[in-house]
Q: 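Mind looking over this structure? Questions follow.
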Amino acid sequence: MSKTSKPPVTAPSIASVSHSLIPSYLKADDLGPWGNYLQQVDRVVPYLGNLARWTETLKRPKRILIVDVPIHMDDGTVAHFEGYRVQHNVSRGPGKGGVRFHQDVTLSEVMALSAWMSIKNAAVNVPYGGAKGGIRVDPKKLSNGELERMTRRYTSEIGIIIGPNKDIPAPDVNTNEQIMAWMMDTYSMNTGSTATGVVTGKPVDLGGSLGRREATGRGVFTVGAEAARHLALDISTARVAVQGFGNVGGVAGKLFAEAGARVVAVQDHGGTIYREAGLDVPSLLKHVAETGSVAGFAQAESIANELFWEVDCEILIPAALEQQITAANAGRIKARMIIEGANGPTTPEADDILHERNVLVVPDVIANAGGVTVSYFEWVQDFSSFFWDEEEINARLVKIMKEAFSGIWQVAQDNKVSLRTATFIVACKRILHTRELRGLYP
Ligand code: NAD
């Protein structure tokens, strides 16, 4: 996409979504992240040709499971948590998507995240549908034993709809390899077999894949570098700001720094740090591993959280939570390019503002697809019980990400649309084509 091409902005308001598409279980006047997703779909309908008649498929999750997760707390009381697993679409293969433990998890959020997984999996052409899960809980307030009991009970509750050929969970915010190991064990105990392929993102010693932990950040870096090339932006001299320094942001920041970029600002839940000359990323990663946050890192100054969005930089990587770049801060962003490591960090209104200001947005649905791509490799390795070395995994990852990005870039050019709309065009066509091939049962 050339920097001057302006896509037609055809954002319908949520009110224009027909009433029948507003689920009775969400607030009609505030659909949350699900409303953002519906608007993104509406933008691609004009580009879907005959397949557009199947669009409503994309606007309705196939299956939603809400579960009560009761556990014994260490103090002898019983606590109940609300858990979800949403399978948005399984036309192209089993459901696939992470599990999030966070106090702000809502059904709308899990629905949107499951739909973005359908789009993402189709965008990189891995044979999966889209799914997502979550528990509304602040896991930092649980002991290790409570966390394990909650994970196991949740897995058992959603066990009726997950499985290596049905729906394969993975880590997301506040879930990790250990949690995947407990999920795999619980499912295996319930089914009487060792089912390594039921989750991905497992420890390597339990059927996990080499390179999985770094895969999302590596993918962010790979497509970011490709996008920078199209903008003639030299990443070896670029300044980078990263929001969220966990699995995704930490690895992406490290790879950009290794490529010569200066990581000048980092924000996480604990605060925002800044260093014009560039932060020492390996030391910062060590500090985060030891203290849990970037806050208090000695070799940087602490700045107000709100100032993060106006930091002088060429590349901005939101890699924390959704709805961070909004109409309120999009106008202040100085970066030339935003690479969405997080899912759904930019609202549709902010997308339009950034587009008007010629800021290139590399959307989540392609930018952070590296994780699910290596999850796919992990699942394939588990089925064949034959494991590849890291060099092969990284090479295959980079090849898939570059090819997918290049196709999407071309669609953006051809149709004069944003990269987000282009990714949705590619993905929605793939999903709806399989929908058409399979036909409607009965
Ligand atoms: P993580 O738990 O490892 O890290 C999350 C980071 O966000 C932490 O640094 C945390 O401090 C920060 N954060 C939390 N709340 C914040 C706030 N209010 N303000 C600023 N920072 C805040 O999670 P992750 O796996 O790195 O996931 C980050 C994002 O990337 C999520 O949107 C997730 O859905 C997405 N994602 C993750 C993967 C994956 O493989 N892990 C794959 C695709 C997309």
Side-chain angles (χ1 to χ4, degrees), residues 33 96-105 109-110 112-117 119-121 123-124 126 130 132-134 138-140 169-180 199-202 208-209 211-220 223 241-254 265-273 284-285 287-289 291-295 297 303-309 316-326 329 339-346 363-378 397 401:
K96 183 92 191 80
V99 173
R100 175 175 295 193
F101 291 171
H102 196 278
Q103 60 276 16
D104 298 333
V105 162
E109 179 183 65
V110 181
L113 290 165
S114 73
W116 286 323
M117 286 309 299
I119 301 295
K120 191 182 306 184
N121 292 334
V124 285
V126 291
K132 200 85 182 189
D138 181 355
K140 293 186 176 68
D172 190 70
V173 175
N174 290 330
T175 55
N176 56 23
E177 291 182 359
Q178 178 60 70
I179 285 167
M180 293 306 111
V199 290
T200 58
K202 299 178 294 294
S209 179
R212 172 61 184 88
R213 197 191 319 219
E214 300 79 21
T216 307
R218 191 174 296 282
V220 167
V223 295
V242 189
Q243 187 200 34
F245 218 56
N247 180 282
V248 180
V251 174
K254 176 170 163 276
V266 175
Q267 177 178 93
D268 74 1
H269 70 279
T272 307
I273 58 168
L284 180 59
L285 286 167
H287 174 82
V288 172
T291 67
S293 168
V294 300
F297 183 57
I303 60 169
N305 283 339
E306 228 3 72
L307 292 179
F308 173 80
W309 302 107
L316 174 64
I317 306 176
L321 299 171
E322 60 269 14
Q323 294 185 303
Q324 297 298 300
I325 302 178
T326 64
N329 58 21
I339 317 167
E340 294 184 337
N343 285 308
T346 311
D364 48 5
V365 277
I366 180 66
N368 68 31
V372 77
T373 303
V374 175
S375 275
Y376 166 56
F377 299 160
E378 178 174 335
L397 167 66
M401 296 297 291

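The structure presented is a predicted model; accordingly, all values stated were derived computationally and were not measured. Whatever order the structure lists them in is the order used to number ligands and atoms, beginning at 1. Position 1 is the first residue of the sequence; numbering continues from there.
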Q: Closer than 3.5 angstrom, by distance alone: can the side chain of Asn121 be matched with the main-chain N or O of Val126 as a donor-acceptor pair?
A: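 The answer is no, because no donor-acceptor pair under 3.5 Å joins these two groups.
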Q: Tell me: protein heavy atom nearest atom 22 (C) of ligand 1, and distance?
A: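 Ranked first by proximity to atom 22 (C) of ligand 1 is His269 N, 3.4 Å.
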Q: What is the closest protein heavy atom to atom 34 (O) of ligand 1, and at what distance does it sit?
A: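 Minimum-distance protein heavy atom for atom 34 (O) of ligand 1 reads Asp172 OD1, 2.6 Å.
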Q: Under 4.0 Å from any heavy atom of Thr216, which atoms of ligand 1 are there?
A: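 Near Thr216, meaning under 4.0 Å from one of its heavy atoms, ligand 1 has 38 (C), 39 (C), 40 (O), 42 (C), 43 (C).
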Q: Rounded at 0.5 Å granularity, tell me how far CG in Asn247 sits from CD in Glu177.
A: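 Between atom CG of Asn247 and atom CD of Glu177 there are 9.0 Å.
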Q: Please confirm whether Gln324 comes within less than 3.5 Å of ligand 1 when only nitrogen or oxygen atoms on both sides are compared.
A: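 Between Gln324 and ligand 1, no N or O pair is found under 3.5 Å apart.
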Q: Under 4.0 Å, heavy atoms only, figure out whether ligand 1 is touched by the backbone of Val248, its side chain, both or neither.
A: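 Both parts.
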Q: Say whether Asn368, considering both its backbone and side-chain N or O atoms, lies within less than 3.5 Å of an N or O atom on ligand 1.
A: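 No, there is no polar N/O contact under 3.5 Å.
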Q: Dump the intermediate steps for side-chain contact (heavy atoms from CB on, under 4.5 Å) on Asn305 and Phe308, then the final yes or no.
A: CA-CA 6 Å; Asn305 283 339; Phe308 173 80; 5.9 Å; no
Q: Gly244 heavy atoms, cut-off 4.0 Å: which ligand 1 atoms fall inside?
A: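 Reading through ligand 1 atom by atom, the close ones are 6 (C), 7 (O), 9 (O), 12 (C).
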Q: Could you tell me, atom by atom, which parts of ligand 1 come under 4.0 Å of a heavy atom of Leu321?
A: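 Per the distance check, 15 (N).
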Q: Among all the protein's non-hydrogen atoms, which is closest to atom 4 (O) of ligand 1, and how far away is it?
A: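 Sorting protein heavy atoms by distance from atom 4 (O) of ligand 1 puts Gly246 CA, 3.4 Å first.
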Q: To the closest 0.5 Å, what do you measure between NE2 (His102) and CG (Asp172)?
A: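 Going from the NE2 atom of His102 to the CG atom of Asp172 covers 10.5 Å.
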Q: Find the distance between CE (Met180) and CZ (Arg212) and round it off to the nearest 0.5 Å.
A: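 Result: 9.5 Å between the selected atoms.
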Q: Drop me the distance from Leu284's CG to Phe245's CZ, to the nearest 0.5 angstrom.
A: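 That separation rounds to 4.5 Å.
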Q: Among all the protein's non-hydrogen atoms, which is closest to atom 19 (N) of ligand 1, and how far away is it?
A: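 For this ligand atom, the closest protein heavy atom is Gln243 NE2, 3.9 Å.
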Q: Under 3.5 Å, N or O to N or O, is Arg100 touching ligand 1 that way?
A: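 Such a contact does occur with ligand 1.
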Q: Quick one: pull up CD1 in Ile366 and CD1 in Ile339 and give me the separation to the nearest 0.5 Å.
A: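 Separation between the atoms: 12.5 Å.
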Q: Please state which option from Asp268, Val372, Asn305 has its nearest heavy atom closest to atom 21 (N) of ligand 1.
A: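 That would be Asp268.
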Q: List every atom of ligand 1 that sits less than 4.0 Å from any heavy atom of Asn174, numbering the atoms from 1 in the order shown and giving each element.
A: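 Close to Asn174: 2 (O).
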Q: Would you mind telling me if ligand 1 is within reach of the side chain of Ala319, the backbone, both or neither, using heavy atoms under 4.0 Å?
A: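 Only the backbone of Ala319 comes within reach of ligand 1.
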Q: Considering heavy atoms of the protein only, find what lies nearest to atom 32 (O) of ligand 1 and give residue, atom and distance to 0.1 Å.
A: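 Answer, as residue, atom name and distance: Ala320 O, 2.9 Å.
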Q: For the pair Val105 and Lys132, evaluate side-chain contact (heavy atoms from CB on, under 4.5 Å) and give the outcome as yes or no after the intermediate values.
A: CA-CA 11 Å; Val105 162; Lys132 200 85 182 189; over 6 Å; no
Q: For atom 9 (O) of ligand 1, what's the nearest protein heavy atom and its distance?
A: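 It is Phe245 N, 2.9 Å.
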Q: If you measure every N or O of Gly249 against every N or O of ligand 1, does any of those distances drop under 3.5 Å?
A: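 It does not: no N or O of Gly249 is found under 3.5 Å from an N or O of ligand 1.
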Q: Locate the shortest heavy-atom distance separating Val294 from Asp268; write the atom from each residue and the value.
A: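 Smallest interatomic distance, heavy atoms only, reads N-OD2, 2.8 Å.
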Q: Starting at CD of Gln267, measure out to CD of Gln243 and round the result to the nearest 0.5 Å.
A: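 Here the interatomic distance stands at 4.5 Å.
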Q: Judged on heavy-atom distance to atom 27 (O) of ligand 1, which of Asn176, Val173, Asn247, Val288 sits nearest?
A: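 Ranked by closest heavy atom to atom 27 (O) of ligand 1, first place is Val173.
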Q: Purely on distance, is any nitrogen or oxygen of Lys132 under 3.5 Å from one on ligand 1?
A: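 For ligand 1, there is no N or O atom that lies under 3.5 Å from one belonging to Lys132.
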Q: Please assess Thr272 against Trp309 for the test side-chain contact (heavy atoms from CB on, under 4.5 Å), listing each intermediate value before the final yes or no.
A: CA-CA 10 Å; Thr272 307; Trp309 302 107; over 6 Å; no
Q: Please report the shortest heavy-atom distance between Pro345 and Ala342, naming the atom on each side.
A: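 In terms of heavy atoms, the two residues are closest at CD-O, 3.4 Å.
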Q: For ligand 1, note which part of Arg212 has a heavy atom under 4.0 Å away: side chain, backbone, both or neither.
A: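 Just the side chain.
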